[in-house]
There are 2 protein chains.
Amino acid sequence: MNHEFYMNLAIDEAWKYQFLTYPNPAVGCVILDKNGKILSIEAHKEAGKAHAELEAVSKALKILNPNLVLPQNANDLHEFICKNHQNLLKDATAYVSLEPCNHQGKTPPCTKLFSTLGFSEVFIATKDEHKLASGGAEFLKNQGIKVQIGICEKRAKELLKPFLKWQKSSFKIFKLALSLNGSALGKIVSSKASRTYAHRIRSKLDLLVVGGETISYDRPILDARLANAKAPNVCILSHKKLETFDKNIPLFGVPNRQVFSSIPNDARFIMYEGGENFLNAFKDEMDMFLIFSSSNLNTFENVKLDMKLKPLYKGFLENDTYGIYEKIQIS
Amino acid sequence: MNHEFYMNLAIDEAWKYQFLTYPNPAVGCVILDKNGKILSIEAHKEAGKAHAELEAVSKALKILNPNLVLPQNANDLHEFICKNHQNLLKDATAYVSLEPCNHQGKTPPCTKLFSTLGFSEVFIATKDEHKLASGGAEFLKNQGIKVQIGICEKRAKELLKPFLKWQKSSFKIFKLALSLNGSALGKIVSSKASRTYAHRIRSKLDLLVVGGETISYDRPILDARLANAKAPNVCILSHKKLETFDKNIPLFGVPNRQVFSSIPNDARFIMYEGGENFLNAFKDEMDMFLIFSSSNLNTFENVKLDMKLKPLYKGFLENDTYGIYEKIQIS
């Protein structure tokens, strides 16, 4: 198989954790042994946890030596591996969707990992333009590792878009859940896996934005219970004043939650949730759209509006399909 | 990676050619070299062409020796490979979604291919219950090849369902093209890649079934031009008599086409095409549903009916998602 095959595996794996790595970028990594056999396909899963490269290297080492007992903490893990790699990954190959970091951040540099373990080739989809972390490709080359940059670069740049946006200002996504025939109405539309993914995103948000109609009509709690995680702060956009909402609506009872009536300036990762009206009102402000489609048809009205979307990634969650889209710019 | 990883690659590849192999089954095959490196991921593409195993073996040999000039014809190809394999696939591993055939059909037995080339392991998702072709696993074992049956068996059995049905009676599928918000109306809904796949299926059908309303309103040609292939025979189900349709409607002008007003008994692979009314009328007779969903929203009414579907396979065609579904049986 060609380089694109392996890089696409890395990029697809990273997309599965898109948004969940906030404020870090989504990154994927595939490792092959010296004979070209796939050892691991991994991604960065959450800020503070191991980078994609460290995840993939740990998994690969565990496969080659199941007796290895690896530390949980990313820093300890990095250090342990550099000391106990037993040359198991000598002459291995890595495919990474983003240039490996070259600086000591929360975790030691991933470039050091590849050079210490004796990797012979590192394929990189796109360069890291971040001043602090960059220089990884150069470092690897200087260590005698063969480096090639630009495999599947277009997809890798798409993968980075949320990160690049929330780094410099704010990134906004609209979440919509539809039946296969386009209805947002009726009983729970999405699969539990879809709703769990949405709750995991909610737990990472700076802000969840909803409309006043939804609040009054659905009386939601808007928490992240399916992910067993922190409920997000909420902003209710409405003509009604915040004080006039019924304070018995569950969302107001969530401990330590702030509820806003306008979007605070410091919110950098923001998700809007709603139906046709809310989408119509805010679609032009959105950076991306997260749309779940179930496998069921029903007899409810569909969401109606004109919008041409370009899928950046599509995946499956139980019987649902979900897509992460951006609008097609009509020039 | 585990056996399921490779078998899923084989099964996914086979699904891409589902329906196009009629009257043969859809089959996929993945080949790894003796070190576990993936050499090829292939499928049976069309009746009369190479079986999945032969496709995958040819591709693998071409990768190992790009100078090999392989014959086009499946029989010649099989014979050529058995004589000129240069032991390149000695100790290789194959993952096949269906037990390799053990009989001389239109092409020589695939079991012979694996044994002659010196494969060391063959993983099979599900046994072939067809009397003539079966016995492959037993033959391979007798040749000293390690054989394991049952990897991803559930998915492999789903893959075989159309074949098993059209073999014993008739297999019926309903094709529906929707926008992301569930509308079948408006200008061309699906991508060119989706329509081309649909035309390729049309060219394999015994019969394409449409409603009288569609004929009078859309005045279609119902051919397979996007696949540059044979237009199917058509059956128009309508309260109107066949003679009363305007004979200038393009479908009547297709050379060598038969047009029926009821379904002939000998039609074994049949596709229905239509919208809400036609689907509602015939959904209970269908074995499967082929539903294309675009990435665009529009302002048209959606298709409305209650139907819970189970996706057997989902894939992407340009910006569209398509699913092959069966109905969830409510017990």
Side-chain angles (χ1 to χ4, degrees), chain A residues 1-2 5-6 9 30 32-41 59-60 63 93 176 178-184 186 191 276 279-280 283 289 291 293-316 318-323 325-328, chain B residues 1-2 5-6 9 30 32-41 59-60 63 93 176 178-184 186 191 276 279-280 283 289 291 293-316 318-323 325-328:
Chain A
M1 311 308 292
N2 59 19
F5 174 81
Y6 297 107
L9 288 177
V30 166
L32 313 185
D33 73 9
K34 65 173 189 287
N35 294 314
K37 178 182 176 172
I38 304 175
L39 294 173
S40 57
I41 303 169
K59 187 81 173 289
I63 281 172
T93 294
L176 184 67
L178 298 175
S179 66
L180 186 52
N181 63 324
S183 163
S191 70
E276 179 180 314
L279 177 56
N280 239 327
K283 64 184 198 296
F289 301 82
I291 304 181
S293 297
S294 82
S295 289
N296 299 324
L297 302 165
N298 60 32
T299 54
F300 293 100
E301 281 299 313
N302 56 341
V303 164
K304 287 187 186 68
L305 71 162
D306 277 308
M307 191 160 66
K308 283 191 191 304
L309 297 173
K310 177 187 159 193
L312 302 176
Y313 176 71
K314 286 187 181 179
F316 308 120
E318 286 168 15
N319 282 356
D320 294 356
T321 307
Y322 74 102
Y325 302 88
E326 54 180 15
K327 256 189 303 191
I328 290 177
Chain B
M1 311 309 292
N2 60 19
F5 174 80
Y6 297 106
L9 289 178
V30 166
L32 313 186
D33 73 10
K34 64 174 191 287
N35 295 313
K37 178 182 176 173
I38 303 175
L39 294 174
S40 58
I41 304 169
K59 187 81 173 288
I63 281 172
T93 294
L176 185 67
L178 299 175
S179 66
L180 186 52
N181 63 322
S183 163
S191 70
E276 179 179 316
L279 177 56
N280 239 325
K283 64 184 197 294
F289 300 83
I291 305 181
S293 297
S294 82
S295 290
N296 299 324
L297 301 164
N298 60 33
T299 54
F300 293 99
E301 280 300 312
N302 56 341
V303 164
K304 286 187 187 68
L305 71 162
D306 277 310
M307 192 160 67
K308 284 193 190 302
L309 296 173
K310 175 186 161 195
L312 301 177
Y313 176 70
K314 287 188 181 177
F316 310 119
E318 285 168 13
N319 281 357
D320 294 356
T321 306
Y322 75 102
Y325 301 88
E326 54 181 14
K327 256 189 304 192
I328 290 177

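Each chain gets a letter, A, B and so on, in the order the sequences are listed, and its residues count up from 1.
- With a 4.5 Å cut-off on non-hydrogen atoms, B/Phe300 touches chain A through its backbone but not through its side chain.
- Put simply, CZ on A/Phe289 and CG on B/Leu297 are 8.5 Å apart, with the number rounded to the nearest 0.5 Å.
- A distance of 4.5 Å separates CG in A/Asn296 from NZ in B/Lys308, rounded to the nearest 0.5 Å.
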- Item | side-chain contact (heavy atoms from CB on, under 4.5 Å) evaluation trace for A/Leu32 with B/Lys37 | CA-CA 9 Å; A/Leu32 313 185; B/Lys37 178 182 176 173; over 6 Å; no
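- Counting heavy-atom pairs closer than 4.5 Å to chain B, the top-ranked of the candidates A/Asn181, A/Thr321, A/Asp33 is A/Asn181.
- Here the side chains of A/Ile41 and B/Met1 are in contact, with some heavy-atom distance below 4.5 Å.
- Both the backbone and the side chain of B/Leu305 come within contact range of chain A, with heavy atoms under 4.5 Å apart.
- Interface remark: B/Ser294 contributes no atoms to any contact with chain A (heavy atom separation under 4.5 Å).
- With rounding to the nearest 0.5 Å, the separation of CD in A/Glu276 from OG1 in B/Thr299 is 10.0 Å.
- Heavy atoms of A/Leu178 lying under 4.5 Å from chain B belong exclusively to its side chain.
- The distance from the CG atom of B/Leu180 to the CG atom of A/Leu309 is 6.5 Å, given to the nearest 0.5 Å.
- Contacts of A/Asp320 with chain B are made by backbone atoms alone, with heavy-atom separations under 4.5 Å and no side-chain atom involved.
- One distance of note links NZ of B/Lys304 with OG of A/Ser179; it measures 10.0 Å at 0.5 Å rounding.
- The distance from atom CG of A/Asn302 to atom CG of B/Asn298, rounded to the nearest 0.5 Å, is 7.5 Å.
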- Task: Apply side-chain contact (heavy atoms from CB on, under 4.5 Å) to B/Glu301 and A/Glu301, showing your working.
- Result: CA-CA 7 Å; B/Glu301 280 300 312; A/Glu301 281 299 313; 3.2 Å; yes
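- In this structure, A/Lys283 places its NZ atom where more than 12 heavy-atom neighbours from other residues, nucleotides or ligands lie under 6.0 Å away.
- When each of B/Ser295, B/Ser40, B/Gly182 is checked for heavy-atom pairs under 4.5 Å with chain A, B/Ser295 comes out on top.
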